[in-house]
Amino acid sequence: ITADRALLEESAGLWEALGPAGKTGLAHALATLARAMWGLGDPAMARFLSSKAAVLCREQDERWGLAYSLAILGLAIRDQEDFALARTVLNESVALWRDLGDYWGLGLAIRILGAVARRQGDYELAQRHYTECIAIARKLGNKELLASALGDLGVVTLNLGDRVQAKAF
């Protein structure tokens with residue numbers, strides 16, 4: 001077990017011990033732990049934790065947490081290659097982020113949607129998602145998101161056979 005995972009699990013346990021008063025905190029801790037588990041290569045656990053976080057967020061009408069939980073859930077489901085469900089979950093996340101006016105989350109969810117389309121071989125759709133993500137990243141000045149989305153778009157452009165355009169990314 002990694003130190004970060006142990007800390008996140010301790011946090012979740014403390015929030016859970018608070019009972020109803022700790023539900024929102026527990027949901028956020030579970031979503032963060034889900035992201036960590038995905039990063040550790042365990043999409044099944046990420047899916048379980050982010051699903052649980054999403055349920056808690058729905059119960060609390062906590063829309064930011066729900067949007068984030070759904071984005072991580074979509075990421076985990078994508079890695080389990082259930083692409084139709086991943087798209088459904090991610091589209092809900094995108095709608096929530098748009099409604100909240102949160103461009104950081106919107107960029108995250110749209111980039112994951114691009115990855116789903118790319119994994120399915122729908123390079124035109126992936127291109128549209130990555131292009132939108134790039135515009136959001138530029139608007140925010142988020143260099144990490146911009147660098148990732150530009151790289152993703154470059155790969156998609158290569159898959160579409162436009163080697164000249166791909167070099168531009």
Testing the basics here: between A126 and R118, what is the closest heavy-atom pair and its distance to 0.1 Å?
CB-N, 3.8 Å
Taking all non-hydrogen atoms of both residues, which atom of S50 and which atom of A34 are closest, and how far apart?
N-CB, 3.6 Å
Spatial distance of atom CH2 (W38) from atom CG (L75) [nearest 0.5 Å]:
4.5 Å
Taking C-beta and beyond as the side chain, do I134 and L150 meet within less than 4.5 Å on heavy atoms?
yes
State the CZ-CG distance between R47 and D42, to the nearest 0.5 angstrom.
12.5 Å
Can you check whether G105's main-chain N or O pairs, donor with acceptor, with W97's side chain at less than 3.5 Å?
yes
Gap between atom CD of E92 and atom CG of L70 - 0.5 Å precision
4.5 Å
Do I136 and V94 share a hydrophobic cluster, counting only Ile, Leu, Val, Met, Phe, Trp and Tyr and linking them when any side-chain heavy atoms are less than 4.5 Å apart?
yes
From L66 atom CG to W64 atom CH2, the distance as rounded to the nearest 0.5 Å:
11.0 Å
Residue pair I110 / R98, side-chain heavy-atom distance below 4.5 Å
yes
With the 4.5 Å side-chain cut-off for hydrophobic clustering, are L85 and I72 part of the same group?
no
Compare every heavy atom of A67 with every heavy atom of L96, then report the nearest pair and how far apart it is.
CB-CB, 3.7 Å
Answer with yes or no whether the hydrophobic clustering places L106 together with L100; edges join I, L, V, M, F, W, Y residues whose side-chain heavy atoms lie under 4.5 Å apart.
yes
With a 4.5 Å cut-off on side-chain heavy-atom distances among I, L, V, M, F, W and Y, is there a chain of contacts connecting Y130 to L160?
yes
Nearest heavy atoms of G107 and C133, plus distance in Å
O-SG, 3.5 Å
Aromatic rings W104 and Y68: how do their planes relate, parallel, tilted or perpendicular, breaks at 30° and 60°?
parallel
NZ/NE/NH1/NH2 to OD/OE distance under 4.0 Å, D122 and R128
no
Distance check, rounded to the nearest 0.5 Å: R78 atom CZ versus Q120 atom CD?
11.5 Å
How far apart are the C-alpha atoms of L153 and T131, what are their side-chain angles, what is the distance that settles it, and do they pass the side chain to side chain contact (heavy atoms under 4.5 Å, CB included) test?
CA-CA 7 Å; L153 183 57; T131 299; 4.0 Å; yes
Single-linkage hydrophobic cluster I77~L90, side-chain heavy atoms < 4.5 angstrom
no
Spacing of CG belonging to L125 relative to CZ belonging to R87, to within rounding of 0.5 Å:
8.0 Å
Do S93 side-chain atoms and V89 backbone N/O form a donor-acceptor pair below 3.5 Å?
no
Report the C-alpha distance between N159 and Q127 in whole Å, list the side-chain angles of each, state the deciding distance to 0.1 Å, and finish with yes or no for side chain to side chain contact (heavy atoms under 4.5 Å, CB included).
CA-CA 10 Å; N159 285 318; Q127 186 176 45; over 6 Å; no
More than 12 heavy atoms of other residues, nucleotides or ligands under 6.0 Å from CZ of F83: is that the case?
yes
Please name the pair of heavy atoms, one in A76 and one in P43, separated by the smallest distance, quoted to 0.1 Å.
CB-O, 3.5 Å
